[in-house]
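As the structure is a computational prediction, the values presented were derived from the model and not from experiment. So you know, we letter chains A, B, ... as the sequences are listed, proteins then strands, and number each from 1.
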Amino acid sequence: MKLATFNINGIKARIEALPAWLDNAKPDVVCLQEIKSLDEGFPREVFEGLGYQVETHGQKGFNGVAILSKLALSDVRRGLPGDDTDEQARWIEAVVDGPRPVRVCGLYLPNGNPAPGPKYDYKLAWMTRMEGRIRDLLASEEPFVCLGDYNVIPQAMDAAKPENWVTDALYLPQSREAFRRMLNLGLTDAIRARQPGPGIYTFWDYQAGAWERNNGIRIDHLLLSPQAADRLEETGIDKAVRGGDKPSDHVPVWVRLAA
DNA sequence: ATGGTCGGTCTCCGA
């Protein structure tokens, strides 16, 4: 079973590049972030036509997440628990059915800039809520994967120029600590497990020739529960997508689990 | 040190 995450930075802008990547990569399940669309504005027919079940959690203009799946989805839930006043569409989860089901949690973690400030406070509170959700899921002992745009650079080796990020919400100690707390609950950073060492990125800014200079950062992650990690077979980062026509600033990142 | 680019609610804001 191939599970992918892809921050597409607007579904309307990616209406050609996303189906092209799906045709090539043939993932079974894709969690999308920044669809920047209402549920009713999402072009679900395009993806249904490619054989995907489509579940969206949209919002006007900003944020918005979705799950596309070739396998049946059940128990679809929208929104991260823990704050009924939170109106930002950043979390969607569902169980992928099959002989060996797995729960997927698609997430778009808040950017948090500028820090310090209310946006950074929201980011850290959101991460604490996410940790709570992970604790509940771990207690169930069901296999699950939390995949998406975490907006966290875990370590210096995850940035081409870590010195450029020292005051940024993506790299501040509290952000990295909150990410580490999730790992320390027993989750596996799938990419890091298979590709130790520097130079592995998932995002290159549109500005200042970041792609041409390979000035990237690794902020899109797939964290596996212990029962999902048992089934880890292969990981990948579809870096070439960044060099394609009208690219997102992120690229797809994926994991293959034993069926 | 500065300026640089995308997307969408489009001459502003978020990233």
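To the nearest angstrom, P of dC6(B) lies 14 Å from CH2 of Trp211(A). In this structure, Leu109(A) places its CG atom 16 Å from C1' of dG14(B), rounding to the nearest Å. What separates CG of Asn151(A) from C1' of dG14(B) is a distance of 11 Å, to the nearest Å. When rounded to the nearest whole Å, the span between CZ of Phe62(A) and C1' of dC12(B) equals 9 Å. Distance CZ (Phe203(A)) to P (dT5(B)): 14 Å, rounded to an integer number of Å. Rounded to whole Å, atom C1' of dG14(B) lies 10 Å from atom CG of Asn9(A). Protein atom CD of Glu34(A) is 11 Å distant from nucleotide atom C1' of dC6(B), rounded to whole Å. Following rounding to the nearest Å, Glu212(A) (CD) and dT5(B) (P) show an atom-to-atom distance of 11 Å.
When heavy atoms are screened at a 4.0 angstrom cut-off, Arg213(A) is found touching no nucleic acid atom at all. At a threshold of 4.0 angstrom between heavy atoms, the contacts of Tyr108(A) are confined to the sugar-phosphate backbone, with no base atom among them.
Closest contact between the side chain of Tyr206(A) and the listed nucleotides dG14(B), dG3(B), dC6(B) involves dC6(B). Comparing atom distances between the Gln207(A) side chain and each of dG8(B), dG4(B), dG14(B) picks out dG4(B) as nearest. Taking only side-chain atoms of Asn111(A), from C-beta outward, the nucleotide of dA15(B), dG8(B), dG7(B) with the closest atom is dA15(B).
Comparing Gln88(A) and Ile35(A) by the nucleotide of DNA chain B whose heavy atom lies nearest to each, the residue mapping closer to the 5' end is Ile35(A).
One finds no side-chain N or O of Lys36(A) lying less than 4.0 angstrom from the OP1 or OP2 phosphate oxygen of dA15(B). Remark: Lys246(A) is in phosphate contact with dG7(B), judged by side-chain N or O atoms under 4.0 Å from OP1 or OP2.
The separation of dC10(B) from dG14(B), taken at their P atoms, amounts to 14 Å, rounded to a whole angstrom. Of the P atoms belonging to dG3(B) and dG7(B), the separation is 23 Å, rounded to the nearest Å. Comparing dA1(B) with dC6(B), their C1' atoms are spaced 23 Å from each other, to the whole Å.
By the 4.0 Å N-to-carboxylate-O rule, Asp121(A) lies too far from Lys119(A) to be salt-bridged with it. Classification of Arg194(A) and Glu234(A) as a salt-bridged pair fails, no side-chain N sitting under 4.0 Å from a carboxylate O.
Within the cation-pi definition used here (under 6.0 Å to the ring centroid, within 45° of the axis), Arg218(A) does not qualify as a partner of Phe203(A).
Of the listed residues (Trp254(A), Phe47(A), Phe6(A)), just one forms a ring-ring contact (aromatic ring centres under 6.0 Å, His included) with Trp21(A), and that residue is Phe6(A).
Without hydrogens or angle criteria, Arg192(A) side chain to Gln195(A) main chain gives a donor-acceptor distance under 3.5 Å.
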